[in-house]
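Notes to accompany the following structure.
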Amino acid sequence: MKAMHFLFLGWFLCMGGVSFAQEWQGILQKTAAKAARSHAGPRSEQLLRQVEKSLQKNKHAWLHRAYQEQADLVEDFMGKDCGPWLAGWVRQSNRLAISRRLFKEKISRRLLQRKQPVLENTLNLPLGRAADWAKQIPSQANIIFIGEYHLPKVQIQAASLLKAYQQMYPNRQVILLTEFASDSYPRFLSVREKEENAYLEKFFSLFPKRSIKTAGLEEKACMNTQVTNFSGTHISSSVLGVAVRNAHWLKRIYKWRAQYPDAVFFVYTGGGHCMLDELFSLARHFSPQESFVISFLVAGYKQEVSQQEMFHAFTDWRFYKPGVLLWKNRLKGRYAGFDMQIILKK
């Protein structure tokens, strides 16, 4: 199964920009056709039995998501709008969903087996300010991932963190790469593009017009979610959709880093794309010495679908309150998904 992941991602990375030059539906059709030829996949009944078995084994850790995930799999596979090309996409995505589940189970077992060492390794600090958070980023880190779960309150705080980092290292070139803007390679976003970006309006409000060089990562076709609508969920947010998008973003990150080898990059995305305990995590492609992964949560939002819920479930929710979580031994802690977690007030 693991080999299948790398074969798929290898194929996608080789295709690169050629596929993304086409319409999004065309991309899905080609990908699904290949998936259908290469992996016949289990029938929906067999798939659901595997999912149910997995859910029962880990029910204690997944109370907020388990039934919704199962419902998505059923509805997506059996949906009335599921044409032949879409069925191929969903079949492959559901296979990867099982693999992702097994990957999560491996982490959950590790947490169960080492609960006391995890607790002893956890540092729970007062929330503080952005300047305090910036000081926790290792000075040698040159690619910093910020993951959030699309809550407006987080945006201004993420911007405050980046600004505090700039002030702490005024001689470093800092570049922002983000999911929340269309792929702009090989140029940075213009002032006008920043002003017209509705999602990042609050984020950019903290910076003078040209004080933060910014480039988008998301392919333009994916920015239009209307064309990805179908029964159950958006194709772009399915497990396969995330894998495909992450592969494209990773290529862009590599190119930007090659173009600006001395810069420090902040990669600002949804948590499901960059947290270390995600199967297709962007951050897992970079060494602990050069990378640092920051998670933003908001206290009181247990419905956030994230690996942090798993971590907090295993620690009896004792840390799910405004504050900052760090590890005494970072290398032993980061398998839980993050290097630093900032939990904001609701």
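Basis for what follows: all heavy atoms, side chains included, without hydrogens, waters or symmetry-related copies.
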Inset, instruction - Decide salt bridge (charged side-chain N to carboxylate O under 4.0 Å, His left out) for Arg245 and Glu219; before the verdict, give the C-alpha distance in whole Å, the side-chain angles of both, and the deciding distance to 0.1 Å. - result: CA-CA 8 Å; Arg245 291 161 67 205; Glu219 217 295 325; over 6 Å; no
Legend entry - Contacts of Asn329 that satisfy side-chain contact (heavy atoms from CB on, under 4.5 Å) - sequence neighbours left out: Asn121, Leu331, Lys332
Legend entry - Closest heavy-atom pair and its distance - Leu344, Pro322: O-CG, 4.3 Å
Inset, instruction - Would you indicate whether the side-chain heavy atoms of Thr315 and Thr122 approach each other to under 4.5 Å? - result: no
Legend entry - Parallel, tilted or perpendicular, as decided by the 30° and 60° cut-offs, for the rings of Phe311 and Trp327: perpendicular
Legend entry - ring-ring contact (aromatic ring centres under 6.0 Å, His included) against Phe319, all qualifying residues, sequence neighbours excluded: none
Inset, instruction - Determine whether Arg252 and Leu177 make a side-chain contact, defined as any pair of heavy atoms from C-beta on separated by less than 4.5 Å. - result: no
Inset, instruction - Return each pair, listed once, that meets ring pair (Phe, Tyr, Trp, His ring centres under 6.0 Å) where at least one residue sits in residues 114-145; pairs must be two or more places apart or across chains. - result: Trp133-Phe296, Phe145-Phe286
Legend entry - Sequence-distant partners of Ser190, side-chain hydrogen bond (donor to acceptor under 3.5 Å, both in side chains), two or more places apart: Glu193
Inset, instruction - Please check if the side chain of Ser184 supplies one atom and the backbone of Ala215 the other of a donor-acceptor pair under 3.5 Å. - result: no
Inset, instruction - List for me each residue that meets ring-ring contact (aromatic ring centres under 6.0 Å, His included) alongside Phe207, sequence neighbours excluded, and say none if there are none. - result: Phe203
Legend entry - Sub-4.5 Å side-chain heavy-atom contact between Leu206 and Ile212: no
Legend entry - Any residue meeting ring-ring contact (aromatic ring centres under 6.0 Å, His included) with Tyr165, in chain and number order, not counting sequence neighbours: Tyr169, Phe266
Legend entry - Glu290 side-chain N/O to Ser287 backbone N/O, donor-acceptor pair under 3.5 Å: yes
Legend entry - Parallel, tilted or perpendicular, as decided by the 30° and 60° cut-offs, for the rings of Trp249 and His273: tilted
Legend entry - Flag side-chain contact, heavy atom, 4.5 Å: Pro288 against Asp339: no
Legend entry - Heavy-atom side-chain proximity of Asn124 to Arg318 below 4.5 angstrom: no
Legend entry - Leu276 vs Arg284, side-chain contact (heavy atoms from CB on, under 4.5 Å): CA-CA, chis, key distance, verdict: CA-CA 6 Å; Leu276 288 159; Arg284 283 158 54 82; 4.1 Å; yes
Legend entry - Within-4.5 Å side-chain heavy-atom neighbours: Asp132 and Leu125: no
Legend entry - Close side-chain approach of Leu325 and His312, heavy atoms under 4.5 Å: yes
Legend entry - Within-4.5 Å side-chain heavy-atom neighbours: Asn142 and Arg257: yes
Legend entry - Flag, side chain of Glu148 to backbone of Gln155, donor-acceptor distance under 3.5 Å: no
Legend entry - Within one Ile-Leu-Val-Met-Phe-Trp-Tyr cluster: Phe292 and Phe265, side-chain cutoff 4.5 Å: yes
Inset, instruction - Go through the steps to decide whether Gln341 and Leu297 satisfy the test side-chain contact (heavy atoms from CB on, under 4.5 Å), and finish with yes or no. - result: CA-CA 7 Å; Gln341 184 177 93; Leu297 291 182; 3.7 Å; yes
